[in-house]
Amino acid sequence: MSFTNEVKAELAALPLQGRAALMAESYGMVLPCVDSTGSHIRLQTESVDAAKRLAMLCEELCGAAVELSMLGGGYLAEVECDGDAVQRVQRTLDIPTDLPALRLGRALLEDADCVTAFLRGLFLSAGTAADPERGYRLELVLRQHRLTDDLEVLLQELQYPPARATRRLQQVLYYKSASRVEDILRSLGAHASADRLAQARVRRALTNEINRQQNSSIANIKRMARANALQNAALQSLHESGVLDTLPQELQEVASVRLSNPEATLRELAELLPGVSRSTVDRRLRRLVELAQARMEETQ
């Protein structure tokens, strides 16, 4: 089951708290399903729970039967066109059919609980949520441009300003912040789904930190290997040319220890030289490399 279907199954299982919430959730579910002529209410979805929820809401609200059927790999829930079932649903929810474009009415959004119920219905009908193991994204996908304008304003008023895009002639309001998606899921009542997203965030953060540390360690190893190779090549050059034997004793000691331990760290080299610190070893090796480079430039 996809994460979207998990969220919708959780939301569809929530009990309704009174007629006002029933009306608001029904309004949220039905609005995206009304066609441009106002003669059909049809929901095409991959979620059987969303399809059954629409059927339950319409029947509970005004006795309108909803026909459920399979369509491709998903489901189709359609208010039966026989009689005046479609018109009865629209009248009950105060959805006008004589306007040039469908708009969002606020009459049923009388308090915070009703707004939450409305948004829950809207997500059940038109929402998607990405699998949190792969990314964080929540979308509301609608056909009606003016309705999308109104919903965008409502979400902004609720301090959930969405981003917006057009995809294949559809309007998309979306969020891609993990914390924002989690907040919205919790506000709708999908606490188990929000918990799963939170857990995925923790796992991803730990994985990113482990990868960062591993990458840092690999980079350090590569830098150390390059430095060691440069030092060994420089010291070998000084030794073969006889220059090394003419240098001060402390430089010869460091050179001898490095040549005998070509892969050792600076700290390990310092432990082989009593009374000499890591920084002193580093400084003397840098001096030897500079001498080797200067000699090479002179002979070219």
Side-chain angles (χ1 to χ4, degrees), residues 3 129-138 159-163 165 174-186 191-300:
F3 186 64
D131 186 334
E133 300 295 343
R134 300 179 180 178
Y136 313 114
R137 191 178 180 95
L138 185 147
Q159 305 303 311
Y160 289 132
Y174 67 92
Y175 305 90
K176 56 182 181 179
S177 161
S179 59
R180 180 52 57 86
V181 173
E182 181 183 344
D183 288 345
I184 292 174
L185 291 178
R186 291 196 189 282
H191 296 289
S193 299
D195 287 343
R196 179 181 163 188
L197 187 148
Q199 293 164 4
R201 288 179 65 189
V202 172
R203 286 194 296 271
R204 176 171 289 192
L206 288 174
T207 299
N208 289 342
E209 178 60 21
I210 291 171
N211 289 339
R212 187 193 66 78
Q213 292 179 359
Q214 289 178 338
N215 291 338
S216 177
S217 297
I218 292 172
N220 287 336
I221 291 171
K222 288 181 178 180
R223 283 195 296 271
M224 186 175 69
R226 288 194 295 268
N228 289 355
L230 176 62
Q231 292 166 7
N232 285 308
L235 297 179
Q236 191 64 38
S237 173
L238 292 175
H239 173 70
E240 292 175 354
S241 65
V243 173
L244 188 59
D245 295 334
T246 67
L247 298 178
Q249 185 65 28
E250 64 270 17
L251 294 182
Q252 293 187 42
E253 290 177 352
V254 169
S256 176
V257 170
R258 166 52 83 201
L259 288 171
S260 300
N261 302 274
E263 297 182 0
T265 65
L266 294 176
R267 189 175 302 280
E268 290 169 343
L269 294 178
E271 291 174 353
L272 298 174
L273 295 167
V276 178
S277 67
R278 175 190 175 283
S279 60
T280 300
V281 172
D282 183 43
R283 185 169 62 253
R284 290 177 181 177
L285 285 172
R286 289 177 184 273
R287 177 58 180 157
L288 288 165
V289 171
E290 291 172 356
L291 290 171
Q293 291 174 337
R295 179 185 174 278
M296 186 178 298
E297 291 173 358
E298 291 174 356
T299 58
Q300 287 179 349

From [X] [atom1] over to [Y] [atom2], what is the distance, rounded to the nearest 0.5 angstrom?
X: Leu288; Y: Ser237; atom1: CG; atom2: OG; value: 11.5 Å
X: Leu185; Y: His191; atom1: CG; atom2: NE2; value: 10.0 Å
X: Arg204; Y: Glu133; atom1: CZ; atom2: CD; value: 8.0 Å
X: Ile184; Y: Tyr175; atom1: CD1; atom2: OH; value: 4.5 Å
X: Thr280; Y: Leu269; atom1: OG1; atom2: CG; value: 12.5 Å
X: Ser193; Y: Leu197; atom1: OG; atom2: CG; value: 9.0 Å

Would you say that [X] contacts [Y] through its side chain, given a criterion of any heavy-atom pair below 4.5 Å between the two side chains?
X: Val257; Y: Val281; value: no
X: His239; Y: Leu235; value: no
X: Leu291; Y: Leu247; value: yes

side-chain hydrogen bond (donor to acceptor under 3.5 Å, both in side chains) involving Gln213 - partner list, sequence neighbours excluded
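With neighbours one apart ignored, the set is Glu209.
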If you take all heavy atoms of [X] and [Y], which pair is closest and at what distance?
X: Leu244; Y: Gln252; answer: O-CG, 3.3 Å
X: Ala165; Y: Tyr174; answer: CB-CE2, 4.0 Å
X: Ser277; Y: Ala270; answer: C-CB, 3.8 Å
X: Arg201; Y: Ser179; answer: NH1-CA, 3.6 Å

- Query: With no hydrogens and no angle check, is any side-chain donor or acceptor of Tyr136 less than 3.5 Å from a backbone partner on Glu182?
  - Reply: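 Checked: no pair found.
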Between Ser256 and Glu253 (side chain of the first, backbone of the second, donor and acceptor by atom type, cut-off under 3.5 Å), is there such a pair? no
The complete set of side chain to side chain donor-acceptor pair (under 3.5 Å) pairs with one or both residues in residues 227-236, sequence neighbours excluded, reads Asn228-Arg258, Gln231-Arg258, Gln236-Glu240
Would you say CZ of Arg287 has more than 12 non-hydrogen atoms from neighbouring residues, nucleotides or ligands within 6.0 angstrom?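 Result for CZ/Arg287: open.
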| message | Is the positively charged end of Arg134 above the ring of Phe3, judged by distance under 6.0 angstrom from the centroid and angle within 45° of the axis? | response |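 Arg134 over Phe3 ring: no.
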Contacts satisfying salt bridge (Lys or Arg N to Asp or Glu O under 4.0 Å) that involve residues 264-283 (not counting sequence neighbours) are Asp282-Arg286
